[in-house]
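To start, the structure itself, in structure tokens.
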Amino acid sequence: MTEVQPTAMPTRVAIVDDHELVAMAVRAIVDDAPDLVFARHETTMDALVRRRRDADLVVLDLSLPDGTAPDANVRAATAWGGRPF
């Protein structure tokens, strides 16, 4: 009898970027990775953290047009529960 190993849950990835083309490219990479799953795309950190935590990893644009500071966005992502990347 062959023992079946449990599969690990894939890492859920959220993207915070104001450039649609960048978000589409990151999503394509995520979609091709067997251990990653796309969670959602937002254009601001505030939009991400207003909703329930549904991602494990946050791909974060450090220069957002809403004027938020990169270090504040990284802290917000971490407090929300995502690992900024």
Side-chain angles (χ1 to χ4, degrees):
M1 179 190 287
T2 304
E3 184 177 332
V4 176
Q5 297 293 323
T7 57
M9 294 294 293
T11 300
R12 301 167 300 168
V13 180
I15 303 164
V16 178
D17 198 300
D18 59 307
H19 298 97
E20 188 66 32
L21 186 59
V22 171
M24 289 171 52
V26 173
R27 182 171 185 169
I29 293 167
V30 168
D31 287 345
D32 283 344
D35 55 342
L36 301 176
V37 64
F38 175 76
R40 66 186 155 114
H41 167 230
E42 299 291 353
T43 57
T44 66
M45 197 63 219
D46 184 54
L48 180 79
V49 301
R50 276 187 279 145
R51 294 180 45 196
R52 65 178 168 74
R53 184 178 172 268
D54 59 356
D56 307 302
L57 178 71
V58 178
V59 178
L60 175 60
D61 181 349
L62 294 179
S63 179
L64 295 170
D66 64 358
T68 54
D71 58 332
N73 287 335
V74 169
R75 283 193 305 274
T78 303
W80 180 73
R83 296 182 317 251
F85 178 76

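In the hydrophobic clustering of this structure, Val13 does not group with Val37; members are Ile, Leu, Val, Met, Phe, Trp, Tyr whose side-chain heavy atoms approach within less than 4.5 Å, directly or through other members. Hydrophobic clustering places Val16 together with Leu62 (ILVMFWY residues linked when any side-chain heavy atoms are closer than 4.5 Å, directly or through intermediates). Tracing side-chain contacts under 4.5 Å through hydrophobic residues (I, L, V, M, F, W, Y), one reaches Val22 starting from Val59; they form part of the same cluster. Hydrophobic clustering, with ILVMFWY side chains joined whenever heavy atoms are under 4.5 angstrom apart, keeps Leu57 apart from Met24.
No donor-acceptor pair under 3.5 Å is formed between the side chain of Arg40 and the backbone N or O of Ala55. Under a 3.5 Å cut-off, the side chain of Asp18 and the backbone N or O of Thr43 do not form any donor-acceptor pair.
Heavy atoms only, all atoms of each residue included: Leu64 and Asp61 are closest at CG-O, 3.6 Å. Closest non-hydrogen pair, Arg53 versus Trp80, comes out as CD-O, 3.0 Å. Minimum heavy-atom separation, Met45 to Asn73: CB-OD1, 3.3 Å. Taking every heavy atom of both residues into account, Ala47 and Thr44 meet most closely at N-OG1, 3.0 Å.
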- Message: The test is side chain to side chain contact (heavy atoms under 4.5 Å, CB included); show your working for Phe38 and Val26 and say whether it passes.
- Response: CA-CA 9 Å; Phe38 175 76; Val26 173; over 6 Å; no
- Message: Assess the residue pair Arg51 and Glu42 against the criterion (salt bridge (charged side-chain N to carboxylate O under 4.0 Å, His left out)); give the C-alpha distance rounded to whole Å, side-chain angles, the decisive distance to 0.1 Å, and a yes or no.
- Response: CA-CA 11 Å; Arg51 294 180 45 196; Glu42 299 291 353; 3.2 Å; yes
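Using a 4.5 Å cut-off on side-chain heavy atoms (C-beta onward), Leu48 and Val58 make contact.
By the side-chain hydrogen bond (donor to acceptor under 3.5 Å, both in side chains) test, Arg52 is found to be paired with no residue, residues two or more places apart in sequence or in another chain being considered.
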